[in-house]
J.: 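Please see the structure below; I have some questions.
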Protein chains: 2
Amino acid sequence: MIGKTTSSWITDRRQAASHKIVDAAWQVAREQGLAALTLREVAARVGVRAPSLYSHFDSKHAIYDAMYAEAWQTFLELSDGIVLPAAPRAALRLVARTFFDFATADLPRHQLMNLRTVPGFTPSPESYAIAVSALDRLSARTADLGLRLTADEVDLFTALVSGLINQQWANDPGGDRWDRLLDRAVDMYADHLNLPEEEQ
Amino acid sequence: MIGKTTSSWITDRRQAASHKIVDAAWQVAREQGLAALTLREVAARVGVRAPSLYSHFDSKHAIYDAMYAEAWQTFLELSDGIVLPAAPRAALRLVARTFFDFATADLPRHQLMNLRTVPGFTPSPESYAIAVSALDRLSARTADLGLRLTADEVDLFTALVSGLINQQWANDPGGDRWDRLLDRAVDMYADHLNLPEEEQ
DNA sequence: GTCTATAGTTTGATAGAC
DNA sequence: GTCTATCAAACTATAGAC
């Protein structure tokens, strides 16, 4: 079968248009702040008028939701792509570093993914599921290395890494005061799990 | 000398008025969200019109700044009041618990104190100094117990505790999924410092 | 699907009388 | 120091023509 049906072409065009809107929204959020996002400004970047956005999204929150889903999808693909070292301790270090760098690279993205900064916004179940699955898959991959973590242990790990991220953003944005502590924190955690020491 | 000078009376009245405004602002923030705070609503609670607030604060951000300072001042006094156990590990547990409970009791307060949720708002140097001094004093008190922490170690501790707090708020508000992990997290940290085990 | 037009609010902040 | 009046701007969302 060559080519596509007419209806799938239409779907593609719709998706492309939605994608352009979400891209523009990220642009605005990065320049003006996540909460300062306005439909007029987003529309202007896309090259249309504000009301036209309603042909693609039911509300402003629906745009936030698409941004949320996209951000976690991006992280999911990024983290699927990294090659984990066989040694559990080194693997944990890389996982932590990947997440830390991803979160400290982009404040509005971090706020949307990991904090509840936008008044009244909660991700839809479908979007939240992407976030859950991203972490589940990382957890499954470390399990393949023989590192089986309980749910509590995963929660402790995410709290530790996201704590460093938040302190970095809140108290030393652009610096490295908590960045420098990441490996040490992971080692503390690995010691807690009684993971064997490894040659660096 | 009995009584006060006229000028100190005036100062007191001004402070009382400012205090009423800040109280009203907290009330609104708790009901509507920190970012949803409006001058009209604050003024209404105080029983005046919005423009009257400008006799006491130069801008909306100035009110946020006063709230920030007050929140950290409250925590400073609370933490000054707790009696630390002599045993370092138990002391750390209590410090962590005090901060965790304070932060999870009030989301807008936590957002203002520990995150950067309000677009464009940064605490003034004077207000930020209160936050720094609150943590410094806690650090000094644990030092009196023989627990001398480096700056990095303090940073790691704050990241760990605030990480649990943020995960609790973002992913299980009202629940105890990360609350339950607090003591375990502190023990992990204490182990990392090679603090001796103690009888519970 | 995009447009114009606009409803219907709400906002922070200022001017100037009292 | 508080008020009224108001500015100037911004916002989300809808209606209806094309």
Side-chain angles (χ1 to χ4, degrees), chain A residues 6-25 27-29 31-68 108 112 117-122 124, chain B residues 6-25 27-29 31-68 108 112 117-122 124:
Chain A
T6 305
S7 65
S8 79
W9 263 106
I10 292 172
T11 304
D12 283 359
R13 289 177 67 89
R14 270 198 70 84
Q15 284 179 348
S18 297
H19 193 72
K20 274 185 69 177
I21 293 169
V22 172
D23 271 358
Q27 218 178 76
V28 177
E31 289 170 27
Q32 330 245 358
L34 183 65
L37 195 145
T38 69
L39 296 183
R40 274 174 167 75
E41 184 66 30
V42 173
R45 310 264 175 145
V46 178
V48 300
R49 305 291 184 168
S52 304
L53 301 182
Y54 285 87
S55 298
H56 301 273
F57 294 95
D58 287 341
S59 68
K60 190 183 179 182
H61 275 11
I63 297 180
Y64 278 125
D65 195 59
M67 295 167 76
Y68 178 93
L112 189 58
T117 278
V118 181
F121 170 70
T122 308
S124 65
Chain B
T6 304
S7 65
S8 79
W9 263 107
I10 292 172
T11 303
D12 284 358
R13 288 177 68 91
R14 271 197 69 84
Q15 284 180 347
S18 297
H19 193 75
K20 273 185 69 176
I21 293 169
V22 173
D23 272 359
Q27 218 177 78
V28 177
E31 288 171 27
Q32 331 246 358
L34 184 65
L37 195 146
T38 69
L39 296 183
R40 278 173 168 76
E41 184 65 31
V42 173
R45 309 264 176 147
V46 178
V48 300
R49 304 291 185 170
S52 304
L53 301 182
Y54 285 87
S55 299
H56 301 273
F57 295 94
D58 287 341
S59 69
K60 190 184 178 182
H61 276 10
I63 297 180
Y64 278 126
D65 195 59
M67 295 166 78
Y68 178 94
L112 190 58
T117 278
V118 182
F121 170 69
T122 309
S124 64

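As a basis for the values below, the full set of heavy atoms in this structure was taken, side chains included, without hydrogen atoms, waters or symmetry mates. Chain letters run A, B, ... following the sequence lines, proteins first and then strands; every chain starts at 1. This one's a predicted model, so the numbers in the text were calculated from it and none came from an experiment.
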J.: Given atom CD of A:Q15 and atom P of C:dG1, what is their separation to the nearest angstrom?
T.: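 That distance rounds to 12 Å.
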J.: Across the strands shown, which category fits B:T38 at heavy-atom distances under 4.0 angstrom: base, sugar-phosphate, nothing?
T.: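 Sugar-phosphate, no base atom in range.
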J.: Tell me if a side-chain donor or acceptor on B:Y64 pairs with a main-chain N or O of B:L34 at a distance below 3.5 Å.
T.: yes
J.: If you check the A:P51 side chain, which of D:dT14, C:dG1, D:dT4 turns out closest?
T.: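 Nearest to the side chain of A:P51 among the choices is D:dT14.
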J.: What is the distance, rounded to the nearest whole Å, between atom CZ of B:R13 and atom P of D:dG1?
T.: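 Taking atom P of D:dG1 as the reference, CZ of B:R13 is at 9 Å.
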J.: Expressed as a whole number of angstroms, how long is the span from A:D58:CG to C:dG1:P?
T.: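 Atom CG in A:D58 sits about 13 Å away from atom P in C:dG1.
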J.: Choosing from C:dA13, D:dG1, D:dA13, which nucleotide comes nearest the side chain of A:S59?
T.: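 Nearest listed nucleotide: D:dA13.
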J.: Between atom CG in B:L53 and atom C1' in C:dG12, what is the gap in whole Å?
T.: 11 Å
J.: Does C:dT2 have OP1 or OP2 sitting under 4.0 Å from an N or O in the side chain of A:H56?
T.: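 Checking C:dT2 against A:H56, a side-chain N or O does come within under 4.0 Å of OP1 or OP2.
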J.: Can you identify which nucleotide, out of C:dC3, D:dT12, D:dT4, has its nearest atom closest to the A:R49 side chain?
T.: C:dC3
J.: Measure from the side-chain N and O atoms of B:K20 to the backbone N and O of B:R45, and report whether any donor-acceptor pair falls under 3.5 Å.
T.: no
J.: Closest approach of B:L37 and B:V28, non-hydrogen atoms and distance?
T.: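 Distance-wise, the nearest heavy atoms are CA-CG1, 4.3 Å.
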J.: Walk me through it: do B:D65 and B:F57 pass the test side-chain contact (heavy atoms from CB on, under 4.5 Å)?
T.: CA-CA 10 Å; B:D65 195 59; B:F57 295 94; over 6 Å; no
J.: Compare the minimum distances between each of D:dT12, C:dT2, D:dC3 and the side chain of B:S52, then state the nucleotide with the smallest one.
T.: D:dC3
J.: How many angstroms lie between atom CG of A:D23 and atom OG of A:S18, to the nearest 0.5 angstrom?
T.: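 So the gap between those two atoms works out to 11.0 Å.
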J.: Rounded to whole angstrom units, what separation is found between the CZ atom of A:R40 and the C1' atom of D:dA9?
T.: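 Nearest whole value for this atom pair: 10 Å.
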J.: Starting at CD of B:E41 and ending at P of C:dT9, how long is that distance when rounded to a whole Å?
T.: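 Nearest whole value for this atom pair: 17 Å.
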J.: Could you tell me whether A:L37 contacts a base, only the sugar-phosphate backbone, or nothing, with contacts defined as non-hydrogen atoms closer than 4.0 Å?
T.: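 Contact class for A:L37: sugar-phosphate only.
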J.: I need the OH-P distance between A:Y54 and D:dT12, as an integer number of Å.
T.: 7 Å
J.: Between D:dT12, C:dA13, C:dC3, which one does the side chain of B:K60 approach most closely?
T.: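 Side chain of B:K60 sits closest to C:dA13.
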J.: If you check every side-chain atom of A:L39, which of C:dA15, C:dT2, D:dA13 has the closest atom?
T.: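 The listed nucleotide nearest to A:L39's side chain is D:dA13.
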